[in-house]
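Keep in mind that this is a model prediction, so the values were computed, not measured.
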Amino acid sequence: MPETGTPNRRDALRRGTTLSAALGTAAIGSGAMAPRMLHAASSSDDPNRVIRIGIVGVGGRGTGALNDSLSINDNVRLVAMADLQQENCERARKILSQRHGDKIDVKDDRIHIGLDAYKNVLDDPDVDLVILATSPGFRPYHIAEAVAAGKHVFAEKPSCVDPAGYRVCTKAHDEAVKQGTSIVTGTQYRRQVNYVEAIKRIHDGEIGDIVSATTRYCSGGIWYKNRKEGVSDTQYQLNNWMHFIWLSGDQITEQAVHNIDAINWVMGSAPETAYGSGGRFTRPADSEMWDNVSIDYTYPGNRVCSFMCRQIPGTKGDNGNVIYGTKGTAYIDAMSGGSRFTDRSGKQTWSMKGSIADAYRQEHKDLVDSIRSGNPIVELRTTAESSLTAVMGRMAAYTGQRVDWDFVSEKSSLDLFPKDLDWNGDRPEPSFAIPGVTKLT
């Protein structure tokens, strides 16, 4: 991979809380922004209008998102790619070309490599829609700059890994609403039919008043990449991103946010407080991740959700949500497990199947349809709230303190993104949180 410049544009994003700082950098100050915004935000009810896609982050999830969009949408075309690794782009272009033919139109000069490669995609006037699928630590700032460039956005979850990123997201959400561009996020369960119907029935009172809930995302181990000789600290951490908190937010944020989002949806809001614990037993020595976290989230009305996530090899998996009501219980299983309700005696009263593969594709259809119709979907704030809920739980577990929503959303100064990120640079020695020692900031 070629050497790239240091992304000091991030320093501009860090300063202040005004919209221009949050969305900062060259796009806002340049005269080129207005025509790009007009181009991307323009709408037409012509069903044959071609939507041109660029992608930032062409790993497994990014390639999967592309495949979903290209599979379900007609008259879309991939025209630009950005990644840290040339081979990722070339591999994806070859595979997707075999599957989707002339929907792939990425010339060699529209493959961009390096930490700042995303800027080439955002500066491309032919790109209507950008898919953002890098490691999550970059997500808020990529979203903000995409909005500033007038692009429609598909942003993978989570939206943020710290309170600073959350605030960037809420400002980007408001700016997208103002300018009329769409932001759809990778919370596919919100488009999975058994989730949608089950939660509608819960809100309609079918299981009575919600008393409490449990949600679990427990699985075996997760990938880890050994360090290769001759790579810098930055290069190693970016390649092994799941294990560094500034990039992934730990498993509760990167992975279990799906379940947390479902419970926020059920409860109708983010929780008021989080209190919990966890630890690490099986992680590699230089991993900053914990391998288990358990949190009690308290929602308005003194309704408690018992949350747990775990990645420990050899343990029993559990992934799903249970909502307890005064009249019955709702079981909403993850993946394609379906939903079912029982009454107080345990008798099943309703059930429905669902396909996660269909949900993955539906989010991309809804996005493209909204662009063509001129009725933009902007759902970033909701996903950012769910992401911050995960962050709040992590902060509570890491510090051993009770953490409330007002603190994380308004007062916390936690900002994990490095001020001095350099492709060839050093990074601080990896460390992991210790409750009672790690401070709440």
Side-chain angles (χ1 to χ4, degrees), residues 1 4-15 21-27 54-63 65 80-85 88-89 112-123 127 130-149 151 153-173 183 185-186 232-250 253-255 257 288 380 383-384 387-388 390-391 414-423 425 427:
M1 290 175 280
T4 65
T6 59
N8 288 329
R9 289 158 59 93
R10 176 61 172 87
D11 290 339
L13 291 168
R14 300 174 69 92
R15 291 195 296 270
L23 298 180
T25 79
I55 185 169
V56 179
V58 197
R61 184 77 290 272
T63 303
M81 308 172 86
D83 196 84
L84 293 176
Q85 301 186 48
N88 282 351
C89 293
H112 310 290
I113 306 303
L115 280 171
D116 284 347
Y118 73 98
K119 292 186 289 186
N120 297 99
V121 174
L122 299 185
D123 289 341
V127 171
V130 60
I131 293 175
L132 301 175
T134 64
S135 47
F138 292 92
R139 190 89 71 245
Y141 313 104
H142 286 174
I143 292 172
E145 292 202 46
V147 171
K151 305 301 184 185
V153 173
F154 176 82
E156 264 302 343
K157 56 74 195 170
S159 301
C160 59
V161 300
D162 55 29
Y166 166 76
R167 294 172 198 132
V168 171
C169 286
T170 58
K171 291 179 174 63
H173 175 104
I183 306 177
T185 61
S232 69
D233 291 347
T234 298
Q235 293 166 28
Y236 168 60
Q237 291 191 11
L238 289 169
N239 189 50
N240 205 22
W241 60 268
M242 186 70 187
H243 292 270
F244 297 95
I245 306 309
W246 71 274
L247 284 164
S248 72
D250 211 327
T253 308
E254 197 283 330
Q255 189 178 69
V257 68
E288 296 181 335
L380 177 59
T383 307
S387 301
L388 189 63
V391 169
L414 184 64
D415 186 349
L416 297 175
F417 202 97
K419 295 188 176 91
D420 55 353
L421 188 65
D422 187 302
W423 179 248
R427 300 286 310 128

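Between Asp116 and Trp423 there is no side-chain heavy-atom pair separated by less than 4.5 Å. Between Val121 and Ile55 there is no side-chain heavy-atom pair separated by less than 4.5 Å.
Of all the heavy atoms in Ala172 and Ala144, the pair that sits closest is CB-CA, 4.1 Å. Nearest heavy atoms, Ala82 versus Val58: O-CG2, 3.5 Å. When all heavy atoms are compared, the tightest approach of Ser248 to Glu254 is O-CB, 3.4 Å. Considering every non-hydrogen atom in both Ala65 and Ile131, the closest pair reads CB-CG2, 4.2 Å. Taking all atoms of both residues into account, the shortest heavy-atom contact from Val161 to Pro136 is CG1-CB, 3.9 Å. Of all the heavy atoms in Pro163 and Leu388, the pair that sits closest is CA-CD1, 3.9 Å.
Looking at residues two or more places apart in sequence or on another chain, you find no side-chain hydrogen bond (donor to acceptor under 3.5 Å, both in side chains) involving Ser387. Applying the side-chain hydrogen bond (donor to acceptor under 3.5 Å, both in side chains) criterion to Asp233, with sequence neighbours excluded, gives Arg227. Every residue was checked against the side-chain hydrogen bond (donor to acceptor under 3.5 Å, both in side chains) condition with Glu288, not counting sequence neighbours, and none meets it. In this structure Ala384 satisfies the side chain to side chain contact (heavy atoms under 4.5 Å, CB included) test together with Ser159, Tyr166, Cys169, sequence neighbours excluded. With sequence neighbours excluded, the residues forming a side-chain hydrogen bond (donor to acceptor under 3.5 Å, both in side chains) with Trp246 are Gln237, listed by chain and number.
Side chain of Asp83 to main chain of Cys89: no donor-acceptor pair is present (N/O by atom type, distance under 3.5 Å, no hydrogens or angles). Side-chain atoms of Lys151 come within 3.5 Å of backbone atoms of Val127 as a donor-acceptor pair (strictly under, hydrogens ignored). Side-chain atoms of Thr63 never come within 3.5 Å of backbone atoms of Gly60 as a donor-acceptor pair (strictly under, hydrogens ignored). At distances below 3.5 Å, not a single donor-acceptor pair connects side-chain atoms of Asp415 with backbone N or O atoms of Ala164.
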Could you give me the CA-CA distance, side-chain angles and deciding distance for Val147 and Leu380, then say whether side-chain contact (heavy atoms from CB on, under 4.5 Å) is met? CA-CA 11 Å; Val147 171; Leu380 177 59; over 6 Å; no
request  = Check the pair Asn239, Gln85 against side-chain contact (heavy atoms from CB on, under 4.5 Å), reporting the backbone distance first and the verdict last.
outcome  = CA-CA 10 Å; Asn239 189 50; Gln85 301 186 48; 3.9 Å; yes
| request: Please lay out, stage by stage, how Glu156 and Leu132 fare under the test side-chain contact (heavy atoms from CB on, under 4.5 Å). | output: CA-CA 6 Å; Glu156 264 302 343; Leu132 301 175; over 6 Å; no
Worked verdict on Arg427 versus Asp420 for side-chain contact (heavy atoms from CB on, under 4.5 Å):
CA-CA 9 Å; Arg427 300 286 310 128; Asp420 55 353; 4.0 Å; yes
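Note that CG of Leu115 and OG1 of Thr234 are 8.0 Å apart. Values are rounded to the nearest 0.5 Å. A distance of 12.0 Å separates CD1 in Ile183 from CZ in Phe154, rounded to the nearest 0.5 Å. Atoms CD and CE, on Gln255 and Met242 in that order, are 5.5 Å from each other to the nearest 0.5 Å. Within the model, atoms CG of Asp123 and OH of Tyr118 stand 9.5 Å from one another, a figure rounded to the nearest 0.5 Å. From Arg61, atom CZ reaches atom OG1 of Thr134 across 13.0 Å, with rounding to the nearest 0.5 Å. Distance CG/Leu238 to CG/Leu421: 6.5 Å, rounded to 0.5 Å.
Sorted by first and then second residue, the salt bridge (Lys or Arg N to Asp or Glu O under 4.0 Å) pairs involving residues 236-246 (not counting sequence neighbours) form an empty list.
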